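Quick notes on the structure that follows.
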Amino acid sequence: MEAAHGRAALDILGAQDIDLVLLDLLMPVMDGFAVLEAMKSDERLRHIPVIIQSLVDDDDSIQRALGLGAYDYFVRAADSGAFRRELAIKCRNAVSAYGSFKAARQELARRTQAEQRLAVSRRRRQMTDLFEGLLIQRVTYQHFLSQLRLLGCEPVYPLYCCLME
């Protein structure tokens, strides 16, 4: 996808799932620095790798772009063959790194969900054991209530049990 200016690029990024941004610094409406700042301040866009490819060849611009979070920076040269090779290598590396990042984030989410399910299962088992203990009179009513509170359960209505001997 291609955008005519920086604002259009942000519109595309907001509407599409993009894995890599090739960004020029010299654009109308919104320059590359402003686009990069906007991307890095947006939680959904901040991890997308941005490669700056520009005719701007001064150290301050390069340092500023990298400081704002650009993944890489290279100066476009007149030799189109070298430019294409360098672009292909940088893009491959950036997309690979971003793919690894997304896979790690998905794995972390999967593990977090599994840990949450395990915690719920353990809590249910503890509560079942507690109720069973109350029913067979292995646990006193006061102990039952205190254990419920330790499990994070606060009875809204008092639970009265009449246990006949």
Side-chain angles (χ1 to χ4, degrees), residues 1-131 147-154 156:
M1 304 184 90
E2 189 173 326
H5 53 79
R7 183 73 245 159
L10 289 175
D11 291 342
I12 290 170
L13 287 166
Q16 302 289 324
D17 188 23
I18 305 292
D19 290 331
L20 173 68
V21 173
L22 295 175
L23 185 63
D24 194 347
L25 296 178
L26 305 174
M27 295 185 296
V29 180
M30 187 178 210
D31 70 11
F33 292 119
V35 172
L36 188 57
E37 285 176 6
M39 286 181 66
K40 297 308 176 179
S41 67
D42 184 325
E43 182 58 39
R44 190 175 153 260
L45 305 177
R46 80 169 20 125
H47 299 293
I48 298 173
V50 177
I51 296 176
I52 305 294
Q53 46 90 29
S54 183
L55 293 173
V56 177
D57 189 15
D58 65 272
D59 288 341
D60 290 339
S61 295
I62 294 169
Q63 290 304 316
R64 181 176 174 202
L66 295 173
L68 288 172
Y71 179 85
D72 207 340
Y73 189 110
F74 72 100
V75 177
R76 280 186 278 170
D79 179 11
S80 63
F83 168 76
R84 287 190 184 117
R85 281 191 302 277
E86 188 174 357
L87 178 62
I89 291 168
K90 290 179 181 293
C91 289
R92 184 194 68 214
N93 292 344
V95 169
S96 176
Y98 187 51
S100 296
F101 168 79
K102 288 194 311 187
R105 186 169 55 185
Q106 289 172 345
E107 177 64 17
L108 178 61
R110 188 192 64 75
R111 287 184 184 202
T112 301
Q113 288 175 345
E115 288 173 3
Q116 290 170 346
R117 285 191 303 269
L118 182 60
V120 167
S121 176
R122 285 182 181 150
R123 186 167 179 229
R124 283 184 182 150
R125 183 72 227 156
Q126 289 172 323
M127 291 183 79
T128 300
D129 291 346
L130 191 56
F131 276 106
Q147 290 300 308
L148 273 181
R149 287 185 182 97
L150 286 175
L151 289 172
C153 298
E154 187 66 40
V156 177

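What you see is a predicted model, and the numbers here were worked out from it, not measured in a lab.
- The side-chain heavy atoms of L23 and Q53, taken from C-beta on, include no pair separated by under 4.5 Å.
- Side chain of T112 to main chain of L108: a donor-acceptor pair is present (N/O by atom type, distance under 3.5 Å, no hydrogens or angles).
- Side-chain N or O atoms of R44 include one that pairs as donor or acceptor with a backbone N or O of L13 at under 3.5 Å.
- In this structure, H5 and M30 have side chains that are not in contact, with every pair of non-hydrogen atoms separated by 4.5 Å or more.
- The existence of a salt bridge linking D42 and R46 is excluded, since no basic side-chain nitrogen approaches an acidic carboxylate oxygen closer than 4.0 Å.
- Put simply, CD on Q116 and CG on L118 are 11.0 Å apart, with the number rounded to the nearest 0.5 Å.
- Residues L130 and Q126 are not in side-chain contact: their nearest non-hydrogen atoms beyond the backbone lie 4.5 Å or more apart.
- The two atoms that bring I18 and V21 nearest to each other are CG2-CG2, 4.2 Å, heavy atoms only.
- Taken to the nearest 0.5 Å, the CD1 atom of I62 stands 5.5 Å off from the CG atom of D57.
- Heavy atoms from other residues, nucleotides or ligands lying under 6.0 Å from CG of D59 number 12 at most.
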For this session: Starting from the C-alpha separation in whole Å, work towards a yes-or-no answer on side-chain contact (heavy atoms from CB on, under 4.5 Å) for D72 and I52.
Result: CA-CA 6 Å; D72 207 340; I52 305 294; over 6 Å; no
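- Closest of all the heavy-atom pairs between D19 and V95 is O-CG2, 4.4 Å.
- Between R64 and D60 there is no salt bridge, since no side-chain nitrogen of the basic residue lies less than 4.0 Å from a carboxylate oxygen of the acidic one.
- The closest side-chain donor-acceptor pair between N93 and S96, if any, does not fall under 3.5 angstrom.
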For this session: Take Y71 and V50 through the test side-chain contact (heavy atoms from CB on, under 4.5 Å) and record every step on the way to the result.
Result: CA-CA 5 Å; Y71 179 85; V50 177; 5.6 Å; no
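- Of all the heavy atoms in L20 and A94, the pair that sits closest is CD1-CB, 3.7 Å.
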Exercise. Stepwise, does the side-chain contact (heavy atoms from CB on, under 4.5 Å) test hold for L148 with M127?
Worked result: CA-CA 7 Å; L148 273 181; M127 291 183 79; 3.8 Å; yes
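- Of all heavy-atom pairs between S54 and D24, the closest is OG-OD1, 3.0 Å.
- Every ring pair (Phe, Tyr, Trp, His ring centres under 6.0 Å) that H47 has, sequence neighbours left out, goes to F101.
- Summarising the geometry, atom CG belonging to D58 is positioned 10.0 Å from atom CD belonging to Q63; distances are rounded to the nearest 0.5 Å.
- Nearest heavy atoms, C91 versus I51: N-CD1, 3.8 Å.
- Between V56 and L26 the shortest side-chain heavy-atom distance falls below 4.5 Å.
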Exercise. What's the verdict on side-chain contact (heavy atoms from CB on, under 4.5 Å) for S61 and F33, showing C-alpha distance, side-chain angles and the deciding distance?
Worked result: CA-CA 9 Å; S61 295; F33 292 119; 4.0 Å; yes
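- Look at E107 and R111 and you find a salt bridge, because one of the NZ, NE, NH1 or NH2 atoms lies within 4.0 Å of a carboxylate O, short of that distance.
- Residues I12 and A3 come closest through the heavy atom pair CD1-CB, 4.0 Å.
- The CG atom of L10 sits 10.0 Å away from the CG atom of L36 when rounded to the nearest 0.5 Å.
- E37 and K40 are not joined by a salt bridge, as no carboxylate oxygen comes within less than 4.0 angstrom of a charged side-chain nitrogen.
- When the shell of 6.0 Å around CZ of R105 is examined, it contains more than 12 heavy atoms from other residues, nucleotides or ligands.
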